[in-house]
Asker: 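Just passing along the structure, written as structure tokens.
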Protein chains: 2
Amino acid sequence: MGITIKDIARETGFSVATVSRVLSNKEGFFSQKTATIINAAAAKLGYKKNMAATELVTQKSNVIAIIVNSTKTNFSEAIIDGIQKKATEANKRVIILYAGDHHAQSQQRALTTALERPIMGILLLSVDLFAENLKLLKSARVPFRFISISFKDPTLNYVASDDYQIGYEATKYLIEMGHRCIGLAGIDLESGAHTGKQRLAGYQRALLENGIIPQKSWIQPGNYSYTAGEQAMLNYHQQKKVTAIITGSDLVGVGLLNQAAKLNLNVPNDLSIIAIDGTYLCKIVQPQLTSVTQDFYQMGYLGAAYLINGQYQNAFTDIEITERQSVKKRSL
Amino acid sequence: MGITIKDIARETGFSVATVSRVLSNKEGFFSQKTATIINAAAAKLGYKKNMAATELVTQKSNVIAIIVNSTKTNFSEAIIDGIQKKATEANKRVIILYAGDHHAQSQQRALTTALERPIMGILLLSVDLFAENLKLLKSARVPFRFISISFKDPTLNYVASDDYQIGYEATKYLIEMGHRCIGLAGIDLESGAHTGKQRLAGYQRALLENGIIPQKSWIQPGNYSYTAGEQAMLNYHQQKKVTAIITGSDLVGVGLLNQAAKLNLNVPNDLSIIAIDGTYLCKIVQPQLTSVTQDFYQMGYLGAAYLINGQYQNAFTDIEITERQSVKKRSL
DNA sequence: CTGAAAGCGCTTACAG
DNA sequence: CTGAAAGCGCTTACAG
């Protein structure tokens with residue numbers, strides 16, 4: 001596949017060993033003079049190192065594999081930017097594999113693609129692995145770490161927001177804004193990750209602390225999608241109880257918002273919404289969605305750093321409430 | 001890095017040659033009986049083939065590298081899905097590289113990451129390469145193809161929509177809806193790709209065919225972004241001339257829509273909008289955006305097919321007008 | 001400072 | 001049907 005060090009050796013008269021040394025910059029093992037000659041020849045011939053060969057002999061790789069869902073998780077981009085930043089600083093490469101929209105088979109394909117070549121580690125962006133795929137991943141001797149979702153299982157490492165805190169803060173904020181009947185919509189309570197359950201726990205805690213008894217009907221679980229938001233709104237509308245809703249993602253928030261409009265409900269006058277995530281989606285809808293904003297860039301950066309440094313502890317990144325236009329103070 | 005065929009050879013008593021043959025399924029070169037033994041051993045030891053080694057010796061690769069912009073091109077997902085589909089059918093792997101937000105350096109990093117290992121080809125998703133990076137790409141002996149943008153340069157292959165046709169159809173549609181003063185916003189006229197220029201040409205053609213003289217002020221170029229849409233709307237508002245606008249992307253359309261709302265303009269009553277792209281964004285805003293819808297999935301599928309088959313012609317994929325809520329018929 | 005040689009994990013003519 | 005051997009593009013002790 002093109003020019004090799006052998007070609008350069010032939011061209012310059014040096015041995016492949018020497019060529020290899022200057023091309024991989026083994027300081028002290030060559031004179032400046034021969035370096036100049038060899039580099040010139042490399043440039044002239046358009047040499048490109050075959051990293052696969054290097055990885056084969058050195059038995060280590062400098063590539064990080066990211067596995068992402070192809071589902072509409074509009075925040076993966078920020079996470080990836082954070083990873084790239086850290087990777088660049090540490091002189092690592094990153095490749096991305098698509099795991100499809102929560103299908104066992106495409107998950108497996110992505111995993112296999114990553115595992116069947118030398119990589120230094122795997123970062124999984126909010127992909128909730130099927131049991132057999134988790135087993136596959138564990139059986140490989142490759143470090144890995146989840147980003148943006150967390151687990152109870154102590155053998156699984158992650159960098160994520162503190163989802164308990166997210167549920168707690170969102171609820172507390174709405175209570176401070178005068179709401180007492182507060183919905184929680186679009187979170188996944190069935191998943192292997194305990195993201196949804198944690199948010200629910202934080203939500204319940206905040207309610208109880210303020211003397212509010214959580215009602216079962218206030219909770220409309222879902223899979224974090226736009227349609228989950230639409231469906232939840234339909235259900236809330238039948239009950240006519242809640243005055244404010246926390247949505248499991250921005251997309252759930254937008255679905256809910258648009259369904260509310262169809263039902264002739266005005267947000268925030270008739271109904272307040274706070275979305276969890278805080279990506280650009282919150283800013284491009286009308287009214288703009290108030291959100292619990294997660295620091296996705298930081299998640300990516302930290303996740304990459306831990307992977308690169310071989311650190312195995314978990315970490316939480318910061319969250320904050322970003323006030324926009326979808327929550328209204330309710331006078332009692 | 002884990003179990004190798006040598007380990008399996010030792011375990012089973014066969015030579016590495018035989019192990020290799022059954023593991024890579026060279027039909028006719030082994031008995032069913034030894035296959036059973038070897039496969040069992042491989043499963044037991046948790047063997048994972050090192051494809052990098054295979055690629056080194058066979059001098060060919062089955063991985064397709066996709067290079068994408070990290071910019072908010074919300075349609076890349078559909079393209080990638082199409083590519084994955086074809087790749088899976090042809091038993092190829094795909095890896096994705098992020099080229100950042102139009103920075104020469106991160107483009108180069110993505111390109112290098114792809115080129116410094118064996119790959120069968122490169123697919124570039126709407127990435128407008130800097131001159132030096134295009135040169136780098138051409139100097140490698142790797143087939144490549146652009147997707148979703150087209151070029152004049154005959155050495156560059158692409159699969160895209162016919163942008164002339166897009167400009168033409170969008171304009172014709174608005175004229176049929178009774179509009180005569182029609183804006184074109186957020187398209188890039190400077191880029192190396194001729195996407196923007198083609199759309200402009202189609203637009204002008206449709207205007208002229210209907211006896212309308214194109215006005216320079218009707219054209220507000222930009223970089224296909226949300227902010228380009230906001231800015232364009234501000235400019236149009238000062239002029240108060242156009243009654244309908246074609247936007248270079250869905251995101252431009254949304255930016256324009258929201259800016260219009262800030263200016264107390266009602267879409268579609270005061271102003272009609274048709275967006276080019278037609279991704280889910282058009283459906284999650286209010287009012288929903290009418291669009292010239294591109295078939296991104298098909299672009300990806302076809303692009304991958306051509307790359308895999310070594311076909312070098314260009315191709316156009318279908319477009320269609322999808323009517324939603326942002327264009328209103330204007331009675332004359 | 002430089003070269004010859006061994007070896008990373010795999011495949012594949014060649015011989016049997 | 002199976003094995004010994006050479007080789008893909010690189011790196012790195014070892015010797016000089």
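Atom set for the values below is all heavy atoms of this structure, side chains included, hydrogens, waters and symmetry mates excluded. Numbered from 1 within each chain, the chains take letters A, B, ... in sequence-line order.
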Asker: What is the ring orientation for Y301(B) with Y297(B), classed by angle as parallel under 30°, tilted 30 to 60°, or perpendicular over 60°?
Answerer: parallel
Asker: Would you mind reading off the distance between K48(B) atom NZ and dC10(C) atom P, rounded to a whole angstrom?
Answerer: 12 Å
Asker: Indicate every side-chain donor-acceptor pair of residues 16-30 of chain A with a distance under 3.5 Å to a residue at least two apart or in another chain.
Answerer:
| from | atom 1 | to | atom 2 | distance (Å) |
| --- | --- | --- | --- | --- |
| T18(A) | OG1 | S15(A) | OG | 3.3 |
| S24(A) | OG | S20(A) | O | 2.6 |

Asker: Rounding to an integer number of Å, can you tell me how far E55(B) CD sits from dT11(C) P?
Answerer: 11 Å
Asker: Does the side chain of Q59(B) get closer than 4.0 angstrom to OP1 or OP2 of dT11(C) through an N or O atom?
Answerer: no
Asker: Would a line drawn from the ring center of F146(A) to the ring center of F151(A) be shorter than 6.0 Å?
Answerer: yes
Asker: Do the side chains of D81(A) and K86(A) get close enough for a salt bridge, i.e. N-O under 4.0 angstrom?
Answerer: no
Asker: Has K49(A) got a side-chain N or O lying under 4.0 Å from the OP1 or OP2 atom of dG9(D)?
Answerer: no
Asker: Mind calculating the distance between NZ (K26(A)) and P (dC10(D)) to the nearest angstrom?
Answerer: 14 Å
Asker: Answer yes or no: side-chain N or O of R117(A) and base N or O of dG9(C) forming a donor-acceptor pair under 3.5 Å.
Answerer: no
Asker: So, applying side chain to side chain contact (heavy atoms under 4.5 Å, CB included) with V68(B), which one of L97(B), L124(B), I96(B) is it?
Answerer: I96(B)
Asker: Quick test of your reading of the model: are R93(A) and E116(B) salt-bridged, counting only N-O distances below 4.0 Å?
Answerer: yes
Asker: Test side-chain hydrogen bond (donor to acceptor under 3.5 Å, both in side chains) on D188(A) and N223(A) and set out the steps.
Answerer: CA-CA 5 Å; D188(A) 187 348; N223(A) 61 350; over 6 Å; no
Asker: Between dT12(D) and dG16(D), how far is it from one C1' atom to the other, in whole Å?
Answerer: 16 Å
Asker: Give the nucleotide from the list dC10(D), dG9(C), dT11(C) with an atom nearest to the side chain of N50(B).
Answerer: dG9(C)
Asker: When you compare the side chain of F296(A) with that of T279(A), does any pair of heavy atoms fall below 4.5 Å?
Answerer: yes
Asker: To the nearest Å, give me how far apart CZ (F30(B)) and P (dT11(C)) are.
Answerer: 12 Å
Asker: Would you say a side-chain N or O of K60(A) is under 4.0 Å from OP1 or OP2 of dC8(C)?
Answerer: no
Asker: Quick one: is T58(A) getting a side-chain N or O under 4.0 Å of the dT11(D) phosphate, OP1 or OP2?
Answerer: no
Asker: Whole Å only: how far is the CG atom of L56(B) from the C1' atom of dT12(C)?
Answerer: 14 Å
Asker: Given atom CG of L23(B) and atom C1' of dT2(D), what is their separation to the nearest angstrom?
Answerer: 16 Å
Asker: Tell me whether the side-chain N/O atoms of T34(B) come closer than 4.0 Å to OP1 or OP2 in dC1(D).
Answerer: no
Asker: Using whole Å, report how far NZ of K33(A) lies from P of dT2(C).
Answerer: 9 Å
Asker: One thing to verify: whether R117(B) and E55(B) come together as a salt bridge, which I'm taking to mean a side-chain N less than 4.0 angstrom from a carboxylate O.
Answerer: no
Asker: Which residues in residues 5-20 of chain B have a heavy atom closer than 4.0 Å to any atom of DNA chain C?
Answerer: I5(B), K6(B), A17(B), S20(B)
Asker: Kindly check if the number of other-residue, nucleotide or ligand heavy atoms within 6.0 Å of NZ (K6(B)) is above 12?
Answerer: no
Asker: Within the structure shown, what part of the strands sits under 4.0 Å from F29(B) by heavy-atom distance: base, sugar-phosphate, or nothing?
Answerer: base
Asker: Report the nucleotide, chosen from dC8(C), dC14(D), dT11(C), that has the shortest atom-to-atom distance to any side-chain atom of R21(A).
Answerer: dC14(D)
Asker: I need the CG-C1' distance between N62(A) and dT11(D), as an integer number of Å.
Answerer: 15 Å
Asker: Give the dot-bracket string for DNA chain D, reading 5' to 3', where a pair is Watson-Crick or G-U wobble with both distances under 3.5 Å, ( ) marks pairs inside the strand, [ ] marks pairs crossing earlier ones, | marks a partner on another strand, and . marks unpaired.
Answerer: |||.||||||||.|||
